[in-house]
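Keep in mind that what you see is a predicted model, and the values were worked out from it rather than measured.
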Amino acid sequence: MQTRVRGWRWRHNPLRRRSDVVEAWTTLVVAVLLCVGAPLAGIATGWRAYDGARATAAEQRAERHRVRAEVIEHAPPAVPTTHGDRQPAYRVTVRWAEAGERPRTEKTRVSADTRIGDRTYIWLDDRGRIVPAPPDATAVWQHALAASACTTGFVAGVVLVARFVVGRVAERRRMAEWGREWARTGPEWRRHWA
C-alpha cells in the first residue's frame, strides 16, 4: 500500500535527493508557464497578428476598388453538398467598364447557378487587374485568433517537451545516485543476511 505525501519533495527529508528538488521546481515552473506564460504569449502574438492583418486590410482597401460587372458566361449548377449552404465558386467570364474606358472582359470567381446577365462585384488593383477582395473584419479576427491559438499550443508543447526532458534527466541521475549508494550499502546488507 502506497501513501502519497503532498509536497514531500519540498520538505527537509533524508530521502530527498537533489534531483527530487530540481524536478519539483521544474513542475512548479511548468505549471506557471502553462497557466500564465503560454496564454500570454498567445495573446501577445494574436494582438500583433490582429494589428498586422488590420493594417494589411486597410492598405489593400486603399489600393483596390470595387467595380460592378456583368456575367457573360453561365456558371455550373449548384451541386448537393454536405457542407451546409456553402457552394463552390466557379471561374466565369465577366465584363465591366470603368468610367472613361472601354469595356473589358476577364475570368473571375462567382457562385454556382450564376446566369448570363447577372451582376456581381469584382475588385481591381491600380493596374486594372482582378484581385481578391480585401479581408473583412471577420477574416482579420480569424487570422488573429488562429495565430494566437497556434502560438499558445506551440509554447505549451515546448514547455511540456522540456518538462519531459528534465524529468528523464532527473530520473537517470536519481537512478545513478541510488546505484552508487547501493554499491556502498549493499555489501553491509548481504553481510547481515549471510
Side-chain angles (χ1 to χ4, degrees), residues 26 28-166:
T26 303
L28 179 65
V29 169
V30 164
V32 169
L33 287 176
L34 287 178
C35 293
V36 178
L40 284 178
I43 289 170
T45 302
W47 206 316
R48 284 192 61 159
Y50 177 78
D51 288 342
R54 201 175 72 194
T56 300
E59 180 181 310
Q60 287 180 359
R61 275 192 299 275
E63 293 173 350
R64 301 173 183 184
H65 60 284
R66 194 168 86 154
V67 175
R68 190 173 171 114
E70 179 184 357
V71 177
I72 58 174
E73 180 182 0
H74 276 295
V79 293
T81 179
T82 58
H83 300 298
D85 294 336
R86 289 183 45 184
Q87 286 289 326
Y90 295 99
R91 291 183 60 80
V92 298
T93 306
V94 295
R95 177 180 31 232
W96 75 95
E98 293 190 75
E101 294 186 15
R102 55 188 200 125
R104 296 178 48 197
T105 59
E106 199 170 324
K107 289 200 175 276
T108 191
R109 293 191 174 277
V110 296
S111 60
D113 283 338
T114 302
R115 302 177 194 278
I116 294 175
D118 286 352
R119 302 282 182 182
T120 187
Y121 285 100
I122 59 173
W123 286 85
L124 302 174
D125 64 6
D126 294 339
R127 296 180 182 165
R129 296 178 300 192
I130 294 179
V131 293
D136 60 355
T138 303
V140 170
W141 274 108
Q142 287 173 342
H143 174 73
L145 291 174
S148 179
C150 288
T151 300
T152 302
F154 177 76
V155 170
V158 168
V159 167
L160 291 174
V161 166
R163 168 63 179 100
F164 176 76
V165 169
V166 168

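- Panel note: side chain T45, backbone A41; a donor-acceptor pair is recorded below 3.5 Å.
- Of all heavy-atom pairs spanning A89 and R109, the tightest one is O-NH1, 3.3 Å.
- Across all non-hydrogen atoms, the minimal contact from G128 to W96 is O-CZ2, 4.1 Å.
- The minimum heavy-atom distance between Q60 and P134, with the atom names listed, is OE1-CA, 3.5 Å.
- Taking T93 as the reference, I72, E73, T105, K107 meet the side chain to side chain contact (heavy atoms under 4.5 Å, CB included) condition, with sequence neighbours excluded.
- When the salt bridge (Lys or Arg N to Asp or Glu O under 4.0 Å) test is applied to D125, the partners found at least two apart in sequence or on another chain are R129.
- Using a 4.5 Å heavy-atom threshold, the side chains of T120 and V94 count as touching.
- The main-chain N or O of G42 is found under 3.5 Å from a side-chain atom of S148 such that the two form a donor-acceptor pair.
- R104 places no side-chain N or O within 3.5 Å of a backbone atom of E98 that could act as its donor or acceptor partner.
- Closest of all the heavy-atom pairs between P132 and R64 is O-NH1, 2.5 Å.
- Within 6.0 Å of CZ in R119 there are more than 12 heavy atoms belonging to other residues, nucleotides or ligands.
- Annotation for A57 and P135: closest pair CB-O, 3.6 Å, computed over non-hydrogen atoms.
- Within a 6.0 Å sphere centred on CH2 of W123, other residues, nucleotides and ligands contribute more than 12 heavy atoms.
- Of all heavy-atom pairs spanning A156 and A38, the tightest one is N-CB, 4.2 Å.
- Taking the ring pair (Phe, Tyr, Trp, His ring centres under 6.0 Å) definition, one finds that W47 meets it with nothing, sequence neighbours left out.
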